[in-house]
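Throughout, protein chains are lettered first and strands after them, A, B, ... in sequence-line order, and every chain is numbered starting at 1. Since the structure is predicted, the reported quantities are computational estimates derived from the model, not experimental observations.
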Protein chains: 2
Amino acid sequence: MSAPTDPDVRELSTLVTGAAERLRAAFNAAAAEQGLTPVQAAALVNLRESAPMRDLARWLACDPSNVTQIVDALERRGLVGRQPSPQDRRVKALVLTDEGRRRQAVLRERGHAQATELFAALGPDERVLLRDLLARLPGGGCGEDCGPA
Amino acid sequence: MSAPTDPDVRELSTLVTGAAERLRAAFNAAAAEQGLTPVQAAALVNLRESAPMRDLARWLACDPSNVTQIVDALERRGLVGRQPSPQDRRVKALVLTDEGRRRQAVLRERGHAQATELFAALGPDERVLLRDLLARLPGGGCGEDCGPA
DNA sequence: TATTGTTATACTCTATAACTATA
DNA sequence: TATAGTTATAGAGTATAACAATA
């Protein structure tokens, strides 16, 4: 039985949270470079061709009413368009413009570069070890709503 | 040289971010149980006796104008008080009420329980291993503004 | 002059509820 | 009736700028 101030789990929490925070800050900076707010950039990164808005709401784990506004902003910037679906005319499919595709690629590259930089301090075997340890934490697996495609 | 879609660092980012997110969600739930918003709870958890508001702003990594409003809310709930400092009368020291101290203890216990639950899937040696790996990531060390005391 | 805390204000993110148009 | 998306609105978090009191 550990004391309420057990330094181990507290330190682990701080380290995990700190690493995640640095990834997030780097992503937000990349978003700002593209003239996008963090959620707008997150939406753009997650977009797949012809995804209904409902799917984007699930991927972003937010209410559909949010997606309307996020997509409004992306549309205003000429990065995505709305296309009524022929099968079900209630549905609007989101389509990337050429510029949207370009920005998406930039954001994804930035995300990859940031992650690479963060984990470069570890060797290949250590990265595998870290991944295996983290994957064993409860919830480390992924339900249905964790990402596109 | 790794491909732009290198699955390793992407998976590591997802795992780190996911673990941090679960800690955060659990903390927010604990805050809500206490009738506090996430930042209010974070402020309360970080508070030390007689800390100037300026310090709290640094610990929360936010603008001082925010602290005024956060402390307003905590004061309205009878959890903290403001005490003009005798040494420098511009400074207001934040003092916990008895109820504030009680709530702070509850939130800290909850935080510890959540972290314990998250990392319980690993054995003691593995927790040490995880800590050492995370501590080696750039920025894993802590500057001056990472916490009280 | 510089600093502490406050106020006023604004922007972003998020959710709820009521609405429309389809199904 | 139920679902996809929209609108209106509100609350939470954050920052900037201008200000008062004090140093």
| query | Roughly, in whole Å, what's the span from CD1 in A/Ile70 to C1' in C/dC11? | reply | 15 Å
| request: Could you pick out which residue, A/Asp63 or A/Pro86, lies toward the 5' side of DNA chain C when each is mapped onto its nearest nucleotide? | output: A/Asp63
| Starting at the 5' end of DNA chain D, which residue's closest nucleotide do you reach first, B/Val39 or B/Arg89? | B/Val39
| task | Look only at the side chain of A/Arg103 and the backbone of A/Arg101, and say whether a donor-acceptor pair between them is shorter than 3.5 Å. | result | no
| request: Could you tell me whether B/Arg54 contacts a base, only the sugar-phosphate backbone, or nothing, with contacts defined as non-hydrogen atoms closer than 4.0 Å? | output: base
| If you find the nucleotide of DNA chain D closest to A/Asn66 and the one closest to A/Val91, which residue's nucleotide is nearer the 5' end? | A/Val91
| Which salt bridge (charged side-chain N to carboxylate O under 4.0 Å, His left out) pairs, counting each pair once, include a residue from residues 35-46 of chain B, with sequence neighbours left out? | none
| field | Any B/Lys92 side-chain N or O less than 4.0 Å from OP1/OP2 of D/dA21 | value | no
| message | If I take atom CG in residue A/Leu94 and atom P in nucleotide D/dA4, what distance separates them, rounded to the nearest angstrom? | response | 14 Å
| Are the charged groups of A/Asp72 and A/Arg77 less than 4.0 angstrom apart, N to O? | no
| Sugar-phosphate, base or nothing in reach of A/Thr68, heavy atoms under 4.0 Å | base
| said: Tell me whether the count of non-hydrogen atoms from other residues, nucleotides or ligands lying under 6.0 Å of CD in A/Glu117 goes above 12. | reply: no
| Distance, rounded to the nearest Å, where B/Leu56 contributes CG and C/dT6 contributes C1' | 15 Å
| task | Nearest whole angstrom, please: distance from the C1' of C/dT3 to the CG of B/Asp55. | result | 14 Å
| note | Taken to the nearest whole Å, CD/A/Gln87 to P/C/dA23 is 11 Å
| said: Could you check whether any side-chain N or O of A/Glu126 sits under 3.5 Å from a backbone N or O of A/Gly123, counting only pairs where one atom can act as donor and the other as acceptor? | reply: yes
| query | Between the two end axes of the helix from C/dG5-D/dC19 to C/dA23-D/dT1, each built from 5 base pairs, what angle do you get to the nearest 10°? | reply | 0°
| Is a side-chain N or O of A/Arg136 found less than 3.5 angstrom from the main chain of B/Phe119, in a donor-acceptor match? | no
| query | What nucleic acid atoms does A/Asp88 come within less than 4.0 Å of, heavy atoms only: base, sugar-phosphate, or nothing? | reply | sugar-phosphate
| said: Using a distance-only criterion (donor-acceptor N/O pair, under 3.5 Å, no hydrogens), is the base of D/dT3 paired with the side chain of A/Arg90? | reply: yes
| query | Just to confirm, is there a sub-4.0 Å distance from OP1 or OP2 of C/dT6 to any side-chain nitrogen or oxygen of B/Arg82? | reply | yes
| message | Between A/Thr97 and A/Glu99, does the side chain to side chain donor-acceptor pair (under 3.5 Å) criterion hold? Intermediate values first, please. | response | CA-CA 5 Å; A/Thr97 63; A/Glu99 179 64 10; over 6 Å; no
| query | Under 4.0 Å: is that the gap between some side-chain N or O of A/Ser65 and OP1 or OP2 of D/dA8? | reply | no
